[in-house]
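The next block holds one structure in the form of structure tokens; read it before the comments.
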Amino acid sequence: MPEQTSDHTPATPSAEGIAKAIGKRKGPPPVHLWNPDFCGDIDMEIKRDGTWFYEGTPIGRLPMVKLFASILKLEEGKFFLVTPVEKVGIRVEDAPFVALDFHASEEGGEQSLTFETNVGDETTLSDENPLRVLYAEDGEPTPYVHVRRGLEARIDRKSFYRLIDIGKTEGAWFGVRSAGSFFPIIEAAALAVE
């Protein structure tokens, strides 16, 4: 809850106030259940490389970044940090997370690919957590994997190259299999041209 000033009007929301409000919870916060009033924007931004900034300075403490990441919410294309009593807007340059690595496992003859993000989330590529790849005009791919509640991680270059290494062509598409589903990356005909 925002601190009160002497005339009982709420102070401007701050990162410190949000951290204090949420810091003592155990387990993942039930962000999807929280719908507090909007309190305004704060000067916080997540850069394309996954670095979190507050008031122009990188947040160097990973536990603090993880705390903020745990209360991140996406609504109508905008990003917010939410607690049970306040909601503040932040800026996100691309995706809020970066998938830094993945590992493959096999169970019952079925491969699963599990990604780890820069904030410690793990997500298994599946129908619930799909892969999507956007292509720039110059053909440069930008791959993403769904992490939670509409939030995605941009897959870093080395991990994307590893995905390409284990990919296969199915029908008209080249892609990867995980958790029983096929996830297309590029049309097989376009891959043959390169």
Query raised in the report: Is it true that Val133 and Ile166 fall in one hydrophobic cluster, defined by side-chain heavy atoms closer than 4.5 Å?
Result: yes
Query raised in the report: Pick one: which of Thr114, Val145, Ile155 meets side-chain contact (heavy atoms from CB on, under 4.5 Å) with Leu125?
Result: Val145
Query raised in the report: Going by heavy atoms in the side chains, are Trp173 and Glu187 under 4.5 Å from each other?
Result: yes
Query raised in the report: Side-chain contact, heavy-atom cut-off 4.5 Å: Trp34 with Val85?
Result: no
Query - Reported CD-to-CG distance for the pair Glu140 and Leu134, which is rounded to 0.5 angstrom - result: 12.0 Å
Query raised in the report: According to the interplanar angle, ranging from 0 to 90°, do the rings of Trp52 and Phe68 count as parallel (below 30°), tilted (30 to 60°) or perpendicular (above 60°)?
Result: parallel
Query raised in the report: Going hydrophobic residue to hydrophobic residue with side-chain gaps under 4.5 angstrom, can you get from Ile59 over to Val82?
Result: yes
Query raised in the report: Under a 4.5 Å cut-off applied to non-hydrogen side-chain atoms, are Thr142 and Tyr135 in contact?
Result: no
Report all side-chain donor-acceptor pairs from residues 89-96 shorter than 3.5 Å, counting only partners two or more places apart or in another chain.
residue : atom : partner : partner atom : Å
Arg91   : NH2  : Asp43   : OD1          : 3.1
Glu93   : OE1  : Arg48   : N            : 2.9
Asp94   : OD1  : Tyr144  : OH           : 2.7
Asp94   : OD2  : Arg48   : NH1          : 2.6
Asp94   : OD2  : Tyr144  : OH           : 3.3
Asp94   : OD2  : Arg154  : NE           : 3.4

Query - Between Lys66 and Asn118, a side-chain donor and acceptor under 3.5 Å - result: no
Query raised in the report: Does any non-hydrogen side-chain atom of Thr124 lie less than 4.5 Å from one of Phe115?
Result: no
Report summary line: Scanning both residues in full, the closest heavy-atom pair of Thr83 with Pro36 reads O-CG, 3.3 Å
Query raised in the report: Hey, what do you get for CG (Leu113) to CG (Asn129), rounding to the nearest 0.5 Å?
Result: 12.0 Å
Query raised in the report: Are Thr57 and Glu55 linked by a side-chain donor-acceptor pair shorter than 3.5 Å?
Result: no
Query raised in the report: How far apart are the closest heavy atoms of Ala188 and Thr169, and which atoms are they?
Result: CB-CG2, 3.7 Å
Report summary line: Here the gap from Leu151 atom CG to Thr117 atom OG1, rounded to the nearest 0.5 Å, amounts to 10.5 Å
**Report entry** Sub-4.5 Å side-chain heavy-atom contact between Val98 and Asp49
**Finding:** no
Query - Main-chain N/O of Leu72 paired with Arg149 side-chain donor or acceptor, under 3.5 Å - result: yes
Query raised in the report: With a 4.5 Å heavy-atom cut-off, do Pro130 and Phe183 have their side chains touching?
Result: yes
Requested in this report: Check whether any side-chain heavy atom of Met44 lies under 4.5 Å from a side-chain heavy atom of Leu81, and answer yes or no.
Outcome: yes
Query raised in the report: Would you say Ile164 and Phe102 are hydrophobically clustered, going by side-chain heavy atoms of ILVMFWY under 4.5 Å?
Result: yes
Requested in this report: Determine the minimum heavy-atom distance between Ala99 and Ala153, stating which atoms define it.
Outcome: N-CB, 3.7 Å
**Report entry** Gap between atom CD1 of Ile46 and atom OG1 of Thr51 - 0.5 Å precision
**Finding:** 10.0 Å
Query raised in the report: When you check the gap from the basic side-chain N to the acidic O, do Arg177 and Glu110 get nearer than 4.0 Å?
Result: no
Query - Ionic contact status for Arg148 with Asp121, cut-off 4.0 Å - result: yes
Query raised in the report: Any sub-3.5 Å donor-acceptor pair from Ser181's side-chain atoms to Ser178's backbone N or O?
Result: no
Query raised in the report: When rounded to the nearest 0.5 angstrom, what is the spacing between CZ in Phe174 and CD1 in Ile185?
Result: 6.0 Å
Query raised in the report: Do Lys73 and Phe80 meet the cation-pi criteria used here (NZ or CZ under 6.0 Å from the six-membered ring centre, within 45° of the axis)?
Result: no
Query raised in the report: More than 12 heavy atoms of other residues, nucleotides or ligands under 6.0 Å from CZ of Arg132: is that the case?
Result: yes
**Report entry** Lys47 NZ/CZ over Phe53 ring centroid, <6.0 Å and within 45° of normal
**Finding:** yes
Requested in this report: Check whether any side-chain heavy atom of Asp165 sits under 4.5 Å from a side-chain heavy atom of Phe160, and report yes or no.
Outcome: no
Query raised in the report: Are Phe97 and Leu74 linked, directly or through other ILVMFWY residues, by side chains that come within less than 4.5 angstrom of each other?
Result: yes
Query raised in the report: Measuring from Phe38:CZ to Glu75:CD, what's the distance to the nearest 0.5 Å?
Result: 10.0 Å
